[in-house]
Amino acid sequence: MEKILITGNGPLRGEVSIAGAKNAALPIIAASLLTNEPLQVSNIPAVRDISTALKLLELLGCQVERNDTELAIDSSQVHSVRAPYELVKTMRGSILLLGPLLARFGEADVSLPGGCAIGSRPVNEHIAGLEAMGAEVNIEAGYIKAAARRLRGAHFAFDVPSVTATENLMMAASLAEGTTVLENCAMEPEVGDLAKLLAAMGAGIEGAGTSTITIEGSERLNGTSHRVPPDRIETGTFLVAAAATRGDVRVVNTEPDFLHHVLGKLEQAGARLQIGPDWIHLDTDGKRCQAVNIHTAPYPAFPTDMQAQFMALNALSEGSATVVENIFENRFMHVAELQRMGADIELQGHTAIVRGRERLQGAPVMATDLRASASLVIAGLAADGDTTVDRVYHLDRGYANIDSKLAELGAVIRRI
Ligand code: EPU
């Protein structure tokens with residue numbers, strides 16, 4: 001199994017270009033199932049979750065052509081509505097196929113994703129929303145079996161604002177009969193991006209990016225072309241890596257507007273930021289950062305997907321801070337690994353108390369999930385000596401060429 005070997009060697013410096021957002025691309029790919037016309041997508045990131053999503057589409061009968069960051073999907077010949085456990089278990093985002101399959105083909109058979117390293121991650125909101133739209137949903141032998149002759153518009157309020165459940169119901173509602181009003185929706189930028197695509201496909205959709213979304217269903221949707229927006233979490237990850245190594249890095253091809261909270265925390269930590277329309281320049285002036293308190297919450301607040309990276313930064317900063325995880329119940333698996341590198345972190349339920357250390361030591365560590373892996377890489381870049389990060393496949397699920405991008409910024413990093 002591949003590992004990443006990092007030899008800590010001081011500040012990252014230079015320029016790095018950000019790829020398209022994995023979590024925006026996944027619903028776009030799922031939405032291709034809503035039409036029998038081709039969908040062209042650009043700025044597709046070279047990450048494993050996208051390959052998994054495309055493998056799933058091919059299993060269903062879609063024609064997929066991928067050329068670097070360009071993608072064409074033709075869903076006119078779909079012959080199956082079954083998303084099997086073997087693929088779904090490797091990527092929970094597969095649940096995004098449920099809404100589009102059911103809406104277009106009147107049935108869907110999608111494996112339950114099961115537990116994962118950051119918590120139990122239920123799918124009850126997805127199911128309740130589809131039931132409100134008239135679907136009959138049963139769980140049989142580990143699969144969600146859903147059926148509906150034609151979904152009908154409904155008024156549905158989420159108990160918790162779930163990103164993929166909001167996206168699933170928006171897609172389903174776009175082919176439903178009548179109007180759907182969704183309340184307490186997730187407001188993440190990826191939801192707004194999906195709404196843009198659905199509108200271009202012919203759906204009437206209003207309010208995406210706010211907590212209430214109204215969707216006017218159509219009998220059929222058309223193909224279109226779409227560009228995936230930049231990855232806000234990859235952007236944040238490189239900025240934190242720059243801050244942790246006391247570096248000076250310019251991140252380009254990004255969207256600073258999606259990152260207000262994260263950028264605010266970096267400034268609070270003492271980093272100097274300059275921000276342009278599609279770039280962010282972070283400079284620490286060679287200084288160590290100050291630890292900052294973090295409290296994860298749905299967008300526009302601080303994203304759970306940046307919590308682990310800030311934990312690594314805090315572990316290397318001056319002073320102490322608390323990190324509170326409010327979205328997932330078990331998203332602290334990186335703490336024990338950071339402790340192996342000498343980090344001083346105390347866990348009390350959903351709160352981690354981090355006391356910054358001047359230095360961490362390189363050590364063999366194990367990645368447990370995507371963002372946890374990123375935090376271990378950041379710690380390794382700033383630590384003394386060698387760090388090997390095992391189970392690198394977690395990293396490859398969501399970061400495109402992270403090792404070569406870091407090497408270009410001066411890191412000593414390679415796969416073994
Ligand atoms: N929840 C429920 N019931 C549901 C769905 C969600 O109780 O039916 C709860 C979850 O347990 C959690 C909260 O709602 O406590 C929010 O979870 P959400 O459903 O929003 O997460 P998700 O849609 O499964 C997406 C991203 C995650 C990201 C979260 C939160 C995709 C494909 N995944 O997941 O990304 O952490 O939103 O922002 O968009 C990652 O990229 O590393 C990643 C995990």
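Residue numbers run from 1 in the order of the sequence given. In listed order, ligands and their atoms are each counted from 1.
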Item to check | Between T179 and E216, a side-chain donor and acceptor under 3.5 Å | outcome: yes
Examine ligand 1 and decide if any of its atoms is less than 4.0 Å from a heavy atom belonging to [X].
X    : answer
K22  : yes
R92  : no
E234 : no
G398 : no

I need the [X] [atom1] to [Y] [atom2] distance, nearest 0.5 Å.
X    : Y    : atom1 : atom2 : answer
E206 : I213 : CD    : CD1   : 11.0 Å
L60  : D109 : CG    : CG    : 10.5 Å
Y399 : D49  : OH    : CG    : 12.0 Å
L313 : I378 : CG    : CD1   : 8.0 Å
L98  : H126 : CG    : NE2   : 8.5 Å
L102 : M171 : CG    : CE    : 11.5 Å

Between [X] and ligand 1, which residue portion shows a heavy-atom distance shorter than 4.0 Å: side chain, backbone, both, or neither?
X    : value
E325 : neither
L370 : side chain
D305 : side chain
T164 : both
E125 : both
L96  : neither
Y299 : neither

Item to check | Six-ring centre of Y393, R48 cation under 6.0 angstrom, axis tolerance 45° | outcome: no
Of all the non-hydrogen atoms in the protein, which one sits nearest to [atom], and at what distance?
atom                    : result
atom 26 (C) of ligand 1 : N23 ND2, 3.6 Å
atom 13 (C) of ligand 1 : I327 CG2, 4.1 Å
atom 10 (C) of ligand 1 : F328 CE2, 4.2 Å
atom 30 (C) of ligand 1 : T304 CG2, 3.8 Å
atom 11 (O) of ligand 1 : P122 CD, 3.4 Å
atom 25 (C) of ligand 1 : V163 CB, 3.9 Å
atom 9 (C) of ligand 1  : V160 CG2, 3.8 Å
atom 42 (O) of ligand 1 : R371 NE, 2.9 Å

Next on the checklist: Within the 4.0 Å heavy-atom shell around R331, which atoms of ligand 1 are there?
Outcome noted: 36 (O), 42 (O), 44 (C)
Item to check | Atoms in ligand 1 with a heavy atom of H126 nearer than 4.0 Å | outcome: 8 (O)
Checklist entry - With no hydrogens and no angle check, is any side-chain donor or acceptor of S32 less than 3.5 Å from a backbone partner on I28? => result no
Item to check | Side-chain donor/acceptor of R104 to backbone N/O of L33, under 3.5 Å | outcome: yes
Item to check | Residue pair K22, D305: steps toward the salt bridge (charged side-chain N to carboxylate O under 4.0 Å, His left out) verdict | outcome: CA-CA 12 Å; K22 163 184 84 86; D305 289 346; over 6 Å; no
Checklist entry - Is there at least one pair of N or O atoms, one from N124 and one from ligand 1, spaced under 3.5 Å apart? => result yes
Checklist entry - Can you name the one residue among H295, H350, Q307 that meets side chain to side chain donor-acceptor pair (under 3.5 Å) with E325? => result Q307
Checklist entry - Checking side chain to side chain contact (heavy atoms under 4.5 Å, CB included) against N314, which of V323, N293, D344, I345 comes through? => result V323
